[in-house]
Amino acid sequence: MHAAPRLLLSLLCLTAIAAFAAKKDPEPADAPPQLLSTHGGGPKWKNVPELIVFAAKGDPQACLELGDRSLEGDSVPRDVTKAAALYAQAAEAGAADGWFRLGKIYHDGLLDVPDYGKALEYFTTAAKADVVEAQHNIGAMLVSARGVKRDYVEGLAWLIVAKQAGAQSDAETQVRARMSRRPTDITAAEARAAEIAGDLPNAVVHATLLNKPAAPVAAPAEKPAIAAPKPDPVASPKVAVPLPPAPPVTPGKP
């Protein structure tokens, strides 16, 4: 065979290999933080100086927004360390998104190098507080084996929970398709998703995952705190006390 045909054949082979590689299922992408408004101000502040004042007072939403601005260098100096501190302050004040944003900082290695262990820890804390993006990212990390052992069942379970809670991603559909030849694993993931959702504050998601119609529930003004289960009352043990023997009866005496 002449050199030109051999070269053409080699190029065709390389093209075919590249095309085959391109068809490989992509790994689920992470969900980014849903950034707060960084241009129109917040509900309590009209400009950045006022935002800084509210953040200094510990307002959780102000801390989140100032953290976003510090991370992006938007109208304030870019300072990732300060952003992380603000996110932690917001999270400790009750804004669970702060835990998720902290997880993203460690996941993306913005402080030093990626620390997937810390990222997963913060994502899990946020996910248990119904932060949908954190639920999605846990699933994506497990399915992609990113810093953790690959686990398709647990990963799909978290992606199902996130999707049912409103995640704007088709990752669940992609992973289901990838697992289509393992229906038993898909069934196990659905069961696991129901378990996960059952432990979350959002009970409506749990009912949906169980394929049961969710009972209509009037939305309370504030989400009620989850009370720890009270142990069943234990009755005091009854101790039998023996009675003294009856006195002997003497004949002729009343």
Leu110: which residues meet the side chain to side chain contact (heavy atoms under 4.5 Å, CB included) condition with it, sequence neighbours left out? Leu71, Val80, Ile105, Asp108
When every non-hydrogen atom of Ser180 is compared with those of Ala177, the smallest separation belongs to OG-O, 3.0 Å
To the nearest 0.5 Å, what is the distance between CD (Glu65) and CG (Asp74)? 8.5 Å
Side chains of residues 118-128: which donor-acceptor partners sit under 3.5 Å, not counting sequence neighbours?
residue, atom, partner, partner atom, Å
Thr124, OG1, Leu120, O, 2.7
Thr125, OG1, Glu121, O, 3.1

Side chain to side chain donor-acceptor pair (under 3.5 Å) filter on Asp115, not counting sequence neighbours, yields none
Start with the C-alpha gap between Tyr106 and Leu111, add the side-chain angles, then the distance that decides, and say whether side-chain contact (heavy atoms from CB on, under 4.5 Å) holds. CA-CA 7 Å; Tyr106 282 101; Leu111 286 171; 3.9 Å; yes
Strictly by salt bridge (Lys or Arg N to Asp or Glu O under 4.0 Å), give each pair with a member in residues 77-96 just once, sequence neighbours left out. none
Apply side chain to side chain contact (heavy atoms under 4.5 Å, CB included) to Val53 and list each qualifying residue two or more places apart in sequence or on a separate chain. Lys57
Please tell me whether Tyr87 and Asp97 have a donor and an acceptor in their side chains that are separated by less than 3.5 angstrom. no
Ring pair (Phe, Tyr, Trp, His ring centres under 6.0 Å) partners of residues 54-83, not counting sequence neighbours, each pair once: Trp45-Phe54
Indicate yes or no: at least one non-hydrogen side-chain atom of Val175 is less than 4.5 angstrom from one of Met179. yes
Find the distance between CD1 (Ile52) and CZ (Arg69) and round it off to the nearest 0.5 Å. 9.0 Å
Test your reading of the model: is there a side-chain donor-acceptor pair from Glu50 to the backbone of Lys46, 3.5 Å cut-off? yes
Only counting residues at least two apart or in another chain, list the ones meeting side chain to side chain contact (heavy atoms under 4.5 Å, CB included) with Ala167. Val132, Ala162
For residues 138-151, the salt bridge (Lys or Arg N to Asp or Glu O under 4.0 Å) pairs (sequence neighbours left out) are Glu27-Arg150, Asp30-Arg146
Can you tell if the side chain of His107 reaches within under 4.5 Å of the side chain of Met141, non-hydrogen atoms only? yes
Between Ala90 and Pro60, which heavy-atom pair has the shortest distance, and what is it? CB-O, 3.4 Å
Partner set under salt bridge (charged side-chain N to carboxylate O under 4.0 Å, His left out) for Arg176, not counting sequence neighbours: Glu172, Glu190
For Asp170, which residues count as a salt bridge (charged side-chain N to carboxylate O under 4.0 Å, His left out) partner, sequence neighbours excluded? none
Indicate every side-chain donor-acceptor pair of residues 152-161 with a distance under 3.5 Å to a residue at least two apart or in another chain.
residue, atom, partner, partner atom, Å
Glu154, OE1, Arg192, NE, 2.9
Glu154, OE2, Trp158, NE1, 3.4
Glu154, OE2, Arg192, NE, 3.3
Glu154, OE2, Arg192, NH2, 3.2

Indicate the atoms forming the closest heavy-atom contact of Gly67 with Leu86, along with that distance. N-CD1, 3.6 Å
So which heavy atom on Gln89 is nearest to which on Gly58, and how close? NE2-CA, 3.5 Å
Would you say that Asp68 contacts Arg101 through its side chain, given a criterion of any heavy-atom pair below 4.5 Å between the two side chains? yes
Okay, side chain of Gln168, backbone of Gly166: is any donor-acceptor separation there less than 3.5 Å? yes
Evaluate the side-chain proximity of Gln135 to Ile196: yes if any heavy-atom separation is below 4.5 Å, no if none is. no
